[in-house]
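Reviewing the structure listed below.
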Amino acid sequence: MDKLAIIGGRPLYGIVPISGAKNSALKLMAASLLTDEEIVLENAPRLADVDMLMRLLDQHGAQSSFDGATLRLRAKDIKSTEAPYDLVRKMRASFNVLGPLLAREGKAKVSLPGGCAIGARPVDLHLQALAAMGAKIDLDEGYVIAEAPDGLHGADISFPFVSVGATEHAMLAAARAKGETHISNAACEPEIADLAECLNAMGAKVSGAGTSAIHVVGADRLSGVTHRVLPDRIETGAYAMAVGTTGGELTLANTDVELLGAALPILEKAGLSFAATDDGVKVKKERDRCLAVDIETKPYPGIATDLQAMFMAMMTTADGVSRVKETIFENRFMHAPELSRMGAKISVDGQTATVTGVERLKGAPVMATDLRASMSLVIAALGAEGQTMVNRVYHLDRGFERLEEKLAECGALIERVSE
Ligand code: EPZ
């Protein structure tokens, strides 16, 4: 298993090209099952998660290929409506093939994704939405077996709480359902608006995306499309917080800092400045040490749970005491004990972590059990004294494109070590 060896203490200077958003690309890829024409995704990130979904889509009949950052997918015919356990369990976003298969073929058998390191992550809201659209759903031996022999129909779907994945899943299915679907208490993440834009270009009529009330008029047939994947706001935040930890100044290209939502004023309060450039943003650390700031994760435009671990890493060396409250997932502090191994002072009480800033962390061997937590260890390592070995790099390969290359180009001492 590969590791990353990082020698900390060097400020970062240079340009980082921000990739297309993983969490948008995965749902846009699922949309390829809705049409027999070609979907072309520009600015698609080359990530392990994208590869894994390409494999799953391939066994459904969608051929795909990358040319640079352009991903082409075409599901001319659906070969199989079954998504096996082995491919779904490794990545929860695979579950989103259920709605498109059901809408196009009238049936699907998709493995339940199961829990993961950050929490139980059930899919009850996804199934509730599809059932409201007329799907008959059974659970058998870990699989969802769904049928809608006469196709799906529009429905009024009211989610009891905000779910990104369930909102996207409902939109995907509704785009090819008969009639109109109203989704209330919908998620407002930028990736939802990105999916709506793509579905609209394919011939569905989606309005309200980006607000909590989404309206979809389905189409009998959807066409192919060329769509540009929006920039990855979590990668944008990650590099900004790397600067917050190491100092220096980075130009983040191909991105829009407004995508950070409520995280932007928080990062400014902590001591970062942002200045718009032609195609991105310049981020600079304005203080010697960041100021400690409290955060609470919330659905968008609140502070993203996917930024929480990295924010905590930045706070480990901030001036003062910061409280970090996680409200989206029940088990998303696994990075805390690893950061403590590097000398951080963190105490966790339920959903709140209290971080007392220290002058400097010290390098150590560390590992995390999920993608964003692994990135928090990289950020901590970049600011730490001495060498840190970040184990289980495969987590990072799932969601950060060319990570060590991008960081090394800006002056970081980082190297992949294969065993
Ligand atoms: C998406 O996950 C992202 N994944 C996550 O990013 C992100 O952390 C999350 O949204 C929140 O922003 C992708 O887009 C592929 P949810 P998702 O449904 O859709 C509960 C990363 O690192 N829930 O908004 O699965 C759920 O357990 C990943 O890139 C139900 O109870 O998140 C959680 O507590 C990690 N029943 C809450 O809702 C359901 O049917 C919000 O989850 C669905 C969700």
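Atoms within a ligand are numbered from 1 in the order they appear, just like the ligands themselves.
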Original post:
Numbering the atoms of ligand 1 from 1, which are under 4.0 Å from a heavy atom of K22?
Top reply: 21 (C), 29 (O)

Original post:
Salt-bridged, K205 to E180, with N to O below 4.0 Å?
Top reply: no

Original post:
Using heavy atoms and a threshold below 4.0 Å, how should the contact between D124 and ligand 1 be classified: side chain, backbone, both, or neither?
Top reply: both

**OP:** Mind checking whether E168 contacts ligand 1 via backbone (N, CA, C, O), side chain (CB onward), both or neither, at a 4.0 Å heavy-atom cut-off?
**Re:** neither

Original post:
atom 19 (O) of ligand 1: which protein heavy atom is closest, and how many Å away?
Top reply: G165 N, 2.7 Å

**OP:** Tell me, please, which residues at least two apart from E82 pass salt bridge (Lys or Arg N to Asp or Glu O under 4.0 Å).
**Re:** none

Subject >> ligand 1 contact on T305 by region, counting heavy-atom pairs under 4.0 Å >> reply: side chain

Original post:
Any N/O of R372 closer than 3.5 Å to an N/O of ligand 1?
Top reply: yes

Original post:
Starting from atom 35 (C) of ligand 1, which protein heavy atom do you reach first, and at what distance in Å?
Top reply: R332 NH2, 3.5 Å

Subject >> ligand 1-proximal atoms of E191, by part, heavy-atom distance under 4.0 Å >> reply: neither

Original post:
Where does I328 meet ligand 1, judged by heavy-atom distances below 4.0 Å: at the side chain, the backbone, both, or neither?
Top reply: both

Original post:
To the nearest 0.1 Å, how far is atom 23 (N) of ligand 1 from its closest protein heavy atom, and which atom is that?
Top reply: F161 CE1, 3.8 Å

Original post:
What residue and heavy atom of the protein are closest to atom 5 (C) of ligand 1, and at what distance?
Top reply: D306 OD2, 3.7 Å

Original post:
Taking the six-membered ring of F95 as reference, does the NZ or CZ atom of R92 fall below 6.0 Å from its centre and within a 45° cone about the axis?
Top reply: no

**OP:** Mark up the atoms of ligand 1 that fall under 4.0 Å of a heavy atom belonging to V164, in ascending order.
**Re:** 10 (O), 12 (O), 16 (P), 18 (O), 19 (O), 24 (O)

Subject >> Per-residue contact class, S163 against ligand 1 - non-hydrogen pairs under 4.0 Å >> reply: both

